[in-house]
Amino acid sequence: MALRRPLAAVCLLLLLVPCCLGTPQYGNGFYYHDMSNGQGNEEIFYNGVHLHVESQQPLVSATRGSSVTLPCHYRYEPELSAPRRTRINYGGFRGRVRLRRSTPGDMSLVIKELRLNDTGRYRCEVIDGVVFPYYSQHGRYHYNFLGAQAACEEQDATLATFEQLFTAWEEGLDWCNAGWLADGTVQYPITTPREGCGGVALGAGLRSYGHRHRLLHRYDAFCFAASLKGTVYFLKHPSNLSFTEAGQACKFDGGHIATVGQIYAGWRLTGLDRCDAGWLADGSVRYPITKARPNCGPGEPGVRSFGFPAHDQKYGVYCYRST
Ligand SMILES: *[C@@H]1O[C@H](CO)[C@@H](O)[C@H](O)[C@H]1NC(C)=O
Ligand SMILES: *[C@@H]1O[C@H](CO)[C@@H](O)[C@H](O)[C@H]1NC(C)=O
């Protein structure tokens, strides 16, 4: 993970985009140097939506005690219709930093009361997506690397990168089952150290098994789902449905049965909250809760899972329709 300095992590829609890397400069000033590709512009393709993150001013300096603006903008191509929630992780800069937000997509960071030790390099990350753990209906630790890749793709997602998992961990993801990441390493995120999850002697963090054999070793997967172009919704239907009926009902409604990636993206990025268990395309049954409440699972928000019930069991269904 790159520097964790004023981290403008914006949970918007797509990916983790390193944009503004710089070299530390020392002196009686403050510098911000964008080295990402010499021009300060990065772009990334994902699911047909194109996220641009731009940082136009490679080097910024100011005097001690004054304020400085670290420029960063993002935009989508094509423009997205659904509004996104924005979350910012200020870390140790809380109270001294704010987003400028002078225009839509302006993620420029204003730091005030500059200190000498603010000198350094910063980067602007725009994160548009959600990391979720995924395991097979055939059981835990079923996937080799290629299987994990395919499983995420079937869920309308990709294998998560280390940076994505790290950010998810910073935001509270705690998962005691190891999963493949895109770089071929196997890791898992722990926010509350405990026995059986690396033990209590280790602090909170990502537990890594390092690189594992891509064909021979088997684990779960950490997938990353990006923003949705359409909407995920719980289908209004007069009765509960078997798995087969659920798929048909979504088609009849003009969509298709939602994937796990889609329900996670709907939950995390658009605030989908529904205390009704519903079928998903992989044969699992889940429901998304953004405001935890009694009788809707644990005390934290999350996508609750009933695992993979028999296909003739009756539940609701989550559908996805493109807009
Ligand atoms: C930076 O300096 C301030 C005092 O000017 C100090 O309180 C703070 O802990 C220092 N931060 C780091 C990361 O060294
Ligand atoms: C579907 O089943 C759940 C319990 O499994 C029940 O609470 C709900 O009322 C049922 N919905 C319909 C439409 O029958």
Side-chain angles (χ1 to χ4, degrees), residues 9-17 44-51 74 76 80-87 125-137 143 147-175 177 179-183 187-189 220-234 250 255-274 278-290 301-305 317-323:
V10 182
C11 179
L12 280 187
L13 307 211
L14 245 37
L15 257 221
L16 181 80
V17 179
I44 204 141
F45 285 93
Y46 204 85
N47 274 12
V49 185
H50 194 176
L51 171 64
Y74 73 88
Y76 292 99
L80 295 170
S81 47
R84 303 297 167 176
R85 294 184 303 167
T86 307
R87 287 177 299 118
E125 290 179 341
V126 179
I127 299 165
D128 187 12
V130 55
V131 171
F132 61 95
Y134 190 77
Y135 67 91
S136 164
Q137 56 183 302
Y143 298 125
Q149 255 181 340
C152 290
E153 273 162 31
E154 276 166 23
Q155 300 317 313
D156 206 19
T158 56
L159 271 181
T161 64
F162 172 80
E163 285 79 7
Q164 287 161 355
L165 186 65
F166 186 89
T167 302
W169 167 77
E170 285 189 312
E171 292 173 353
L173 182 64
D174 184 290
W175 193 256
N177 291 97
W180 289 103
L181 296 182
D183 61 2
Q187 319 208 16
Y188 62 99
D220 295 342
F222 285 102
C223 307
F224 178 84
S227 62
L228 301 169
K229 278 181 286 180
T231 44
V232 185
Y233 58 99
F234 185 81
C250 286
H256 62 72
I257 186 167
T259 63
V260 176
Q262 287 165 350
I263 201 167
Y264 268 94
W267 164 70
R268 190 58 183 243
L269 306 173
T270 65
L272 185 65
D273 181 290
R274 181 91 200 194
W279 287 108
L280 296 174
D282 65 342
S284 64
V285 168
R286 303 176 198 241
Y287 63 97
I289 295 294
T290 49
V303 175
R304 325 293 195 207
S305 175
V317 60
Y318 288 91
C319 307
Y320 176 80
R321 201 164 43 196
S322 47
T323 38

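We number each residue from 1, following the sequence as shown. We use all heavy atoms of the structure for the numbers below, so side chains are in, but hydrogens, waters and symmetry mates are not.
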Answer yes or no: is there a side-chain heavy-atom contact under 4.5 Å between Arg274 and Tyr287?
no

Is any side-chain heavy atom of Pro133 less than 4.5 Å from a side-chain heavy atom of Asn177?
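Side chain of Pro133 against side chain of Asn177, heavy atoms only: no contact under 4.5 Å found.
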
No-hydrogen, no-angle side-chain donor-acceptor test under 3.5 Å, Thr290 and Asp273:
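Asp273 and Thr290 do have a side-chain donor-acceptor pair below 3.5 Å.
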
Report the residues that fulfil side-chain contact (heavy atoms from CB on, under 4.5 Å) with [X], sequence neighbours left out, ordered by chain and then residue number.
{"X": "Ala148", "answer": "Tyr143, Leu159, Trp180, Ala221"}
{"X": "Pro301", "answer": "Trp267"}
{"X": "Cys319", "answer": "Tyr233, Leu235, Cys250, Val317"}

Tyr134 meets the side chain to side chain donor-acceptor pair (under 3.5 Å) criterion, sequence neighbours left out, with Gln155, Asp282

Partners passing side chain to side chain donor-acceptor pair (under 3.5 Å) against Ser136 (at least two apart in sequence or in another chain):
none

Among all residues two or more places apart in sequence or in another chain, which pass the salt bridge (Lys or Arg N to Asp or Glu O under 4.0 Å) test with Asp174?
Arg194

Who pairs with Arg304 by salt bridge (Lys or Arg N to Asp or Glu O under 4.0 Å), at least two apart in sequence or on another chain?
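Counting only residues at least two positions away or on another chain, Arg304 forms no salt bridge (Lys or Arg N to Asp or Glu O under 4.0 Å).
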
Going by ring-ring contact (aromatic ring centres under 6.0 Å, His included), name the residues that satisfy it together with Phe132, two or more places apart in sequence or in a different chain.
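By the ring-ring contact (aromatic ring centres under 6.0 Å, His included) rule, Phe132 matches Tyr264.
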
Would the distance check show the side chain of Gln262 and the main-chain N or O of Thr259 forming a donor-acceptor pair, the cut-off being under 3.5 Å?
yes

Please confirm whether the backbone N or O of Glu163 pairs with a side-chain atom of Thr167, one donor and one acceptor, at under 3.5 Å?
yes

